[in-house]
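Here's the structure, in structure tokens; my notes come after.
As the structure lists them, so they are numbered: ligands from 1, and atoms in each ligand from 1. Small disclaimer: the values here were computed from a predicted structure and weren't measured.
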Amino acid sequence: MSAEVPLLSVRGLKKYFPVHKGVLSKVVGQVKAVDDVSFDLAHGETLGLVGESGCGKTTAGRSILRLLKPTAGQVDFEGQDVTAAGREELRRLRQKMQIIFQDPYASLNPRMSVMDIVGEGMRVHGLVKGRNALEQAVRDLLEKVRLDPGYVNRYPHEFSGGQRQRIGIARALSLRPKFIVCDEAVSALDVSIQAQVINLLMDLRDEMGLAFLFVAHDLSVVRHISHRVAVMYLGKIVELCETRELFHRPMHPYTKALLSAVPKAEPGKKSERIILQGDVPSPLNPPPGCAFHTRCPVVMDHCKTEEPPVRDVGNGHTFVCHLED
Ligand code: SF4
């Protein structure tokens, strides 16, 4: 990993969705799905982005790739401003920034063969010329994701969920990207298959020098693959640090609650499960002060009115809370 110039730099990223009402479709509010998110990602690094569903992590990933247009903020990829990129520039950038979707059943066109699904991008971007060379490139990619190259003319319905996700990975790799958003990429798979796909992604990352933003709702899923983890709550990152540090010294009460639900690696070691009361509040009307105060087990009076500060505990570990470390 190069620590100097980040591959990806995200600053103050916001994505708000207007809420319309009435026959005139008047804007009556904004859903603040992503609200001031900042982080860097180094070459070859994996950042896990975790939080309950609806916390904005998927929207953040898609806004970074400009599959959704950000409301505010800046995303630089290799020093190039993705948020301001024109059509042609964006096309070139997209080649280097790919996505693997959650649902391996819905993300592959059932009428396209593996050859077309995996080969289409290379054909459109002119990376490989001629049908034979393209077929060989697709076969090579299938081998890379540990699928039989002989499957090249099969269709998605002929594969299991895990195999389909491997086809999705081969498609993402086909444009030789440097950065991939894995958007809940293993969430729909059985636990044993999840482990296989995570191991595959780690091998590919190391072999090809890829960087991942690994979006997941489950901390145990990001534990092995991520170098660092960012925890999101109601559109904001509330804690960010190295993975080992997060599991050994969580600082934010929300992170502590999420971690208490993760099975312990050490047999016999148990910690008390922290049950959070209530649901995640609506991002249309987030609570004042600390957005987590309606569910925080250690809430204080001023948490309800004052926005918490960012606390830096050193070694790149930050959390957002009124509590001191
Ligand atoms: Fe809990 Fe207050 Fe910290 Fe928010 S700021 S997480 S309510 S202690």
>> side chain to side chain donor-acceptor pair (under 3.5 Å), that's the test. Do Glu45 and His227 meet it? Break it down for me.
In response: CA-CA 6 Å; Glu45 186 185 22; His227 298 105; 5.2 Å; no
>> List ligand 1 atoms under 4.0 Å from His293, heavy atoms only on the residue side.
In response: 7 (S)
>> Could you tell me, atom by atom, which parts of ligand 1 come under 4.0 Å of a heavy atom of His252?
In response: 6 (S)
> Closer than 2.8 Å to atom 3 (Fe) of ligand 1, do we get an N, O or S atom from His322, backbone or side chain?
Replying inline: no
> Can you tell me which residue and heavy atom of the protein come closest to atom 4 (Fe) of ligand 1, and the distance to 0.1 Å?
Replying inline: Cys290 SG, 2.4 Å
>> Tell me which one of Val34, Leu284, Val31, Asp35 satisfies side-chain contact (heavy atoms from CB on, under 4.5 Å) with Tyr16.
In response: Asp35
>> Counting only heavy atoms closer than 4.0 Å, does ligand 1 sit against the backbone of Cys296, its side chain, both, or neither?
In response: side chain
> What heavy-atom pair brings Val298 and Pro253 nearest, and what distance separates the two atoms?
Replying inline: CG2-CG, 3.8 Å
> Can the ring centres of Tyr233 and His252 be said to be less than 6.0 Å apart?
Replying inline: no
> Out of curiosity, is His302 lining ligand 1, as in a heavy atom under 4.0 Å away?
Replying inline: no
> Taking 2.8 Å as the cut-off, does an N/O/S atom of Cys303 lie below it from atom 4 (Fe) of ligand 1?
Replying inline: no
>> I'd like to know if Lys57 and Glu52 make a salt bridge, using a cut-off of under 4.0 Å between side-chain N and carboxylate O.
In response: no
> What residue and heavy atom of the protein are closest to atom 3 (Fe) of ligand 1, and at what distance?
Replying inline: Cys321 SG, 2.3 Å
>> Check this for me, if you would: do Arg228 and Glu245 make a salt bridge, where the nitrogen-to-carboxylate-oxygen distance has to be below 4.0 angstrom?
In response: no
>> Quick check on contacts: which atoms of ligand 1 are under 4.0 angstrom from a heavy atom of Phe292?
In response: 6 (S)
> Do we get Arg223 above Phe247's six-membered ring, with its NZ or CZ under 6.0 Å from the centre and within 45° of the axis?
Replying inline: yes
